[in-house]
Amino acid sequence: LGFKRNLCCHLAHGPIIAHFDDDDLYASCYLEHMCHALQRGTASLDRPLACTLAEWHMMDVKDQSFGFFSPNREPLLEHDQRESFQYGYGFSFVYTK
C-alpha cells in the first residue's frame with residue numbers, strides 16, 4: 001500500500017494531496033474545509049504542510065450506536081497514546097506536495 005500511495009503522490013499534478021479511508025463516510029464539504037485549513041497554514045510558510053482531523057464522529061454498524069471521539073479530550077485514553085490516535089491513522093490526511 002505504501003508503494004502505491006507514494007507512486008500516486010509522485011504522479012499527482014496538483015499542489016495538494018488528500019487521502020481518504022475507503023470505509024469512512026465524509027461530509028460533502030470535507031475536502032473544501034480541509035484545503036482551507038491547509039491553505040491558512042501555508043500562507044506564511046515555504047515548506048510542505050499537512051493537516052488531519054483532531055476529532056471525529058463514529059458509528060458502530062452492528063449495534064447502531066453513534067459517538068464522538070476526540071483523542072485530546074478522551075479520559076480513557078492515556079496521555080502518551082493521544083498523539084498516535086490523532087496522527088497515527090491514515091484515514092484523513094491532506095497535505096501539500
Side-chain angles (χ1 to χ4, degrees):
L1 180 62
F3 175 75
K4 289 179 185 179
R5 181 175 283 179
N6 290 339
L7 179 62
C8 289
C9 290
H10 174 73
L11 295 174
H13 294 283
I16 295 176
I17 308 268
H19 292 192
F20 293 91
D21 197 1
D22 64 345
D23 63 351
D24 290 344
L25 299 174
Y26 297 88
S28 60
C29 62
Y30 164 79
L31 193 54
E32 181 180 3
H33 175 77
M34 294 296 276
C35 286
H36 284 168
L38 187 65
Q39 289 167 346
R40 281 194 308 272
T42 59
S44 62
L45 298 175
D46 235 4
R47 60 180 180 205
L49 188 68
C51 65
T52 188
L53 295 173
E55 45 197 28
W56 52 90
H57 295 277
M58 301 182 306
M59 180 180 169
D60 187 325
V61 177
K62 184 177 181 180
D63 68 9
Q64 303 261 322
S65 62
F66 188 74
F68 179 77
F69 185 68
S70 175
N72 291 324
R73 291 189 260 158
E74 176 57 53
L76 299 176
L77 196 59
E78 295 198 24
H79 185 71
D80 61 341
Q81 294 177 317
R82 294 171 193 260
E83 188 172 291
S84 65
F85 266 82
Q86 187 168 352
Y87 300 112
Y89 297 101
F91 66 87
S92 177
F93 285 101
V94 177
Y95 52 93
T96 57
K97 196 168 175 183

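As the structure is a computational prediction, the values presented were derived from the model and not from experiment. When reading the values below, keep in mind they use all heavy atoms of this one structure, side chains included, and skip hydrogens, waters and symmetry mates.
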(request) Write down the atom of Y30, the atom of H19, and the distance for their closest heavy-atom approach. (result) OH-O, 4.4 Å
(request) Mark yes or no for whether Q81, through its side chain, and E78, through its backbone, hold a donor-acceptor pair below 3.5 Å. (result) yes
(request) Can you establish whether the number of heavy atoms outside L25 located under 6.0 Å from its atom CG is more than 12? (result) no
(request) Could you grab the distance from atom CD of E74 to atom CG of N72, nearest 0.5 Å is fine? (result) 11.0 Å
(request) Look up atom OH in Y95 and atom CD1 in I17, then write down how far apart they are to the nearest 0.5 Å. (result) 5.0 Å
Can I get a per-line list of side-chain donor-acceptor pairs under 3.5 Å for residues 64-71, giving both atom names and the distance, sequence neighbours left out?
{"residue": "S65", "atom": "OG", "partner": "D63", "partner atom": "OD1", "Å": "2.7"}
{"residue": "S70", "atom": "OG", "partner": "E55", "partner atom": "OE1", "Å": "3.2"}

(message) So which atom in L77 and which in R82 form the shortest heavy-atom distance, rounded to 0.1 Å?
(response) O-NH2, 3.2 Å
(message) Give me the atom names and distance for the closest heavy-atom approach of Q39 to I16.
(response) NE2-CD1, 3.9 Å
(message) Do M59 and L53 land in one hydrophobic cluster if side-chain heavy atoms of ILVMFWY residues count as linked below 4.5 Å?
(response) no
(message) Nearest 0.5 angstrom please: T52 OG1 to L38 CG, how far?
(response) 11.5 Å
(request) Verify, without hydrogens or angle tests, whether Y26 (side chain) and D21 (backbone) share a donor-acceptor contact under 3.5 angstrom. (result) yes
